[in-house]
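Following: one structure in structure tokens, then a few remarks.
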Protein chains: 4
Amino acid sequence: MAEVSDIQTRIQEAARIIIARYGVNNATIQAIVEEAGTSKGALYHYYRSKNEVLYDVMDASLKESTRVAQKMHAGARPDEVLHYITSGLDERFDKVDENRLQFYLAHEAMLGNKELKSKFARKYDEWIGRVEEMLLGIYGVPETSLNRAIAAAAIATVDGMVMQDLLGVGIISKEEALKVWEIILYKVLPFILEDIHKQELMDGKTKDR
Amino acid sequence: MAEVSDIQTRIQEAARIIIARYGVNNATIQAIVEEAGTSKGALYHYYRSKNEVLYDVMDASLKESTRVAQKMHAGARPDEVLHYITSGLDERFDKVDENRLQFYLAHEAMLGNKELKSKFARKYDEWIGRVEEMLLGIYGVPETSLNRAIAAAAIATVDGMVMQDLLGVGIISKEEALKVWEIILYKVLPFILEDIHKQELMDGKTKDR
Amino acid sequence: MAEVSDIQTRIQEAARIIIARYGVNNATIQAIVEEAGTSKGALYHYYRSKNEVLYDVMDASLKESTRVAQKMHAGARPDEVLHYITSGLDERFDKVDENRLQFYLAHEAMLGNKELKSKFARKYDEWIGRVEEMLLGIYGVPETSLNRAIAAAAIATVDGMVMQDLLGVGIISKEEALKVWEIILYKVLPFILEDIHKQELMDGKTKDR
Amino acid sequence: MAEVSDIQTRIQEAARIIIARYGVNNATIQAIVEEAGTSKGALYHYYRSKNEVLYDVMDASLKESTRVAQKMHAGARPDEVLHYITSGLDERFDKVDENRLQFYLAHEAMLGNKELKSKFARKYDEWIGRVEEMLLGIYGVPETSLNRAIAAAAIATVDGMVMQDLLGVGIISKEEALKVWEIILYKVLPFILEDIHKQELMDGKTKDR
DNA sequence: CATGAATGAGCGTTCATTCAT
DNA sequence: GATGAATGAACGCTCATTCAT
């Protein structure tokens, strides 16, 4: 039924390749249809505009991100999760084109693209929720009012590191970044979560919701 | 004597506004000069090309960032620095336009603008160095091989949080973010630096250089 | 099947007309496509740049000139050739637009257009060679070291006369010009070639190569 | 009274230099006033438009041509005249920039510039008249109805040769060209004028006017 | 369904010309 | 008189989009 290599799919993949290879600014319709081995007319048969093509690429890209996130279910032991995260980060740093694409999408979203913005919001929501679960599952601490904020901060750190990488800052290597994450995962997070928990018990606080 | 609102300044400010409002791609010469209330010819009297306008905006924007960073010299006590950082972060989250501008410029740099990229690289280098100094100054620990990586990670975290904010992710509020930073500054960083230092002593390592 | 008036042809003809009418400098893309009754986009579909349009016009114009020249193959008797040349000159003086076009293109070449210059150089080379052959064929004299120079001088004379005509100097009429050519062809050239040949024999010279 | 180095003169000389050095297309007002060491405003004080500047340069250029022509008064012996002509041609071939300028002016005239056209007409008139006088003076033949046409043809040949030179045709060297002129002056012209004269006597013709 | 020739608004840039100082 | 900052029309060129075939 579903053709594996139908024209729409070929266009989407071509767009992804062209953006990755030449950047979004040079991703012209002409370049995309040439890469896809089809014609402008065909493209406009499946898409209403160039933006729709980009949205499609973006959808696929965000779905892929989510797919990766879903692999990190609340596994049992920290070392397993560390392994997931480590290899995940490893991969993410290597996917230069994918990262560039994501930043392009973020750019578009910031410019006021409502649909994109809500997609991003959902994506981050899912990511952050998943990391929060992991915090609970791995470190076995009860919820604190800051678990969610800490999860968001962790994700922010990854995004920021990737951005530095794309900008060619080159001050910390992937290896150093992974060492820092090792410390965060093995030492900082257990320490901090325990600390917050104690603090909140002393304050007589229970979880906010 | 010195004109406060000479044409070049007006062009630069107009470019800032247009980029922040519509993104780099839509910051056309026409849009900029209209916003500045001047003409294309005047723009090309002061700048050789559109890129030069971008560089100028970038320079001004990064200088502003640096100005903020410079206030955080290696002051004596952590609580003072915390205060600086907290208020600095506070400010940064509020400067939506400035943040957007920086992300748009970063995006342009990622897309292959070599000069912009090297400007960013230099700037991050400076920021990271400054934060590294602060780590030493505040926490009084000797250098570890990861100080630089930790400084970079801290900056990455801020950038990532700002990005989430710009994307309207809205999962964590500014208040929560600042609480997280309080914990990082008061507890995590002293803990982690001490820990790494001990570890490196045990490994017989001395500082690398 | 073969469209007589396809867009590319219309563009080329329009360019010829515009250049002949207003000169190369005023032959803007806009003017050409308006004359051709088409659009800029169509022009750029067939040509990569404005220069390519110029080259195409040039090529067509020079081919037309060559077509005329080719009719003057080394025919047997001087009176036949004279007839060809006379009618050829006649035609050339009448083709005001074509002449103007060639002068405008030559002007552009002189101003530094390398490709145009080399096209002209090749074309003159061919013309001069052809006239040289005619000198040999008609007057039956052996080669002298100056045959080529004399051929070039003959062509130069035609060009110069055409230029005077285009400039409206109006001192000599076409009829007078043709009479002069009659004398050159019937009397001067046989005389001069014979004279040079004798001279070179006396000097113990043989043909140079 | 007349300032030797007043601004107008400096502008004219600068324009001449710039056109010679970079071609007419690159002879911008900016380049000219920079070369002249003055300002745009000053230029527009002395000239109504850029074209007027060019006309001024042209006037000087054509006057210079005439000045050269005037040196070739109907001198006594052919060898003297040959010397003048030879050195004159020699010079003309070397003045590449001057020649380019003249062809630019011719271009402008052909485009319909009435004033320029009449200047050219006068210049050619003078040149041709002078050459005609020379023909009479040197070769001592009475006027024939074609003297004027032959003079015009001689000038046309020079112009055509110079054009070939500017186009980089490079088939005949300056040396070869001068040899051809030697033959023309010493042999062809005496022969042809005598021949025409005889012919006209036989036809019972006298000079037309 | 698919094609690619055709469109034209819009881009960055140039430069002759003007005019307040 | 002299200056050069400012103007804006016009340039060559790009490319998302349309539509006859």
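Letters go in sequence order (proteins before strands), and every chain restarts at 1.
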Whole angstroms only, please: what is the [atom1]-[atom2] distance between [X] and [N]?
| X | N | atom1 | atom2 | result |
| --- | --- | --- | --- | --- |
| B/Ile7 | F/dA5 | CD1 | C1' | 8 Å |
| C/Asp6 | E/dG4 | CG | C1' | 15 Å |
| B/Asn25 | E/dG10 | CG | C1' | 14 Å |
| A/Lys50 | F/dA16 | NZ | P | 4 Å |
| D/Gln30 | E/dT18 | CD | C1' | 15 Å |
| C/Tyr47 | E/dA6 | OH | C1' | 16 Å |
| C/Leu43 | F/dT14 | CG | P | 12 Å |
| C/Arg48 | F/dT14 | CZ | C1' | 15 Å |

> If pairing requires Watson-Crick or G-U wobble contacts with both distances under 3.5 Å, which nucleotide is the partner of E/dT3?
Replying inline: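 Matched E/dT3 with F/dA20 under the 3.5 Å cut-off.
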So, is [X] close to the [N] phosphate, meaning a side-chain N or O under 4.0 Å from OP1 or OP2?
| X | N | value |
| --- | --- | --- |
| C/Tyr44 | F/dC13 | yes |
| D/Thr38 | F/dT3 | yes |
| B/Lys40 | F/dG8 | no |
| D/Tyr46 | F/dA2 | yes |

> Does any N or O in the side chain of A/Arg100 come within less than 3.5 Å of the main-chain N or O of B/Met110, such that one atom is a donor and the other an acceptor?
Replying inline: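 Judged by distance alone, yes, a pair lies under 3.5 Å.
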> Is there a donor-acceptor pair under 3.5 Å between the side chain of A/Lys50 and the backbone N or O of A/Ala27?
Replying inline: yes
> Considering heavy-atom distances to DNA chain E, does D/Ala27 or B/Asn51 have its closest nucleotide positioned more toward the 5' end?
Replying inline: B/Asn51
>> Taking the nucleotide of DNA chain E with the nearest heavy atom to each, does B/Gly41 or B/Ile29 sit closer to the 5' end?
In response: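 First, find each residue's nearest nucleotide; the 5'-ward one identifies B/Ile29.
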> Any ion pair linking C/Glu35 and C/Arg10 (charged N to carboxylate O, less than 4.0 Å)?
Replying inline: no
> Would the C/Phe103 and D/His107 ring centres measure less than 6.0 Å apart?
Replying inline: no
>> Under a plain distance cut-off of 3.5 Å, with no hydrogens placed, do D/Gln30 and D/Glu34 share a side-chain donor-acceptor pair?
In response: yes
> With a non-hydrogen cut-off below 4.0 angstrom, is B/His45 in contact with a base, only sugar-phosphate, or nothing?
Replying inline: base
> With a non-hydrogen cut-off below 4.0 angstrom, is C/Ser39 in contact with a base, only sugar-phosphate, or nothing?
Replying inline: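 Base: the residue C/Ser39, judged by heavy atoms under 4.0 Å, touches a nucleobase.
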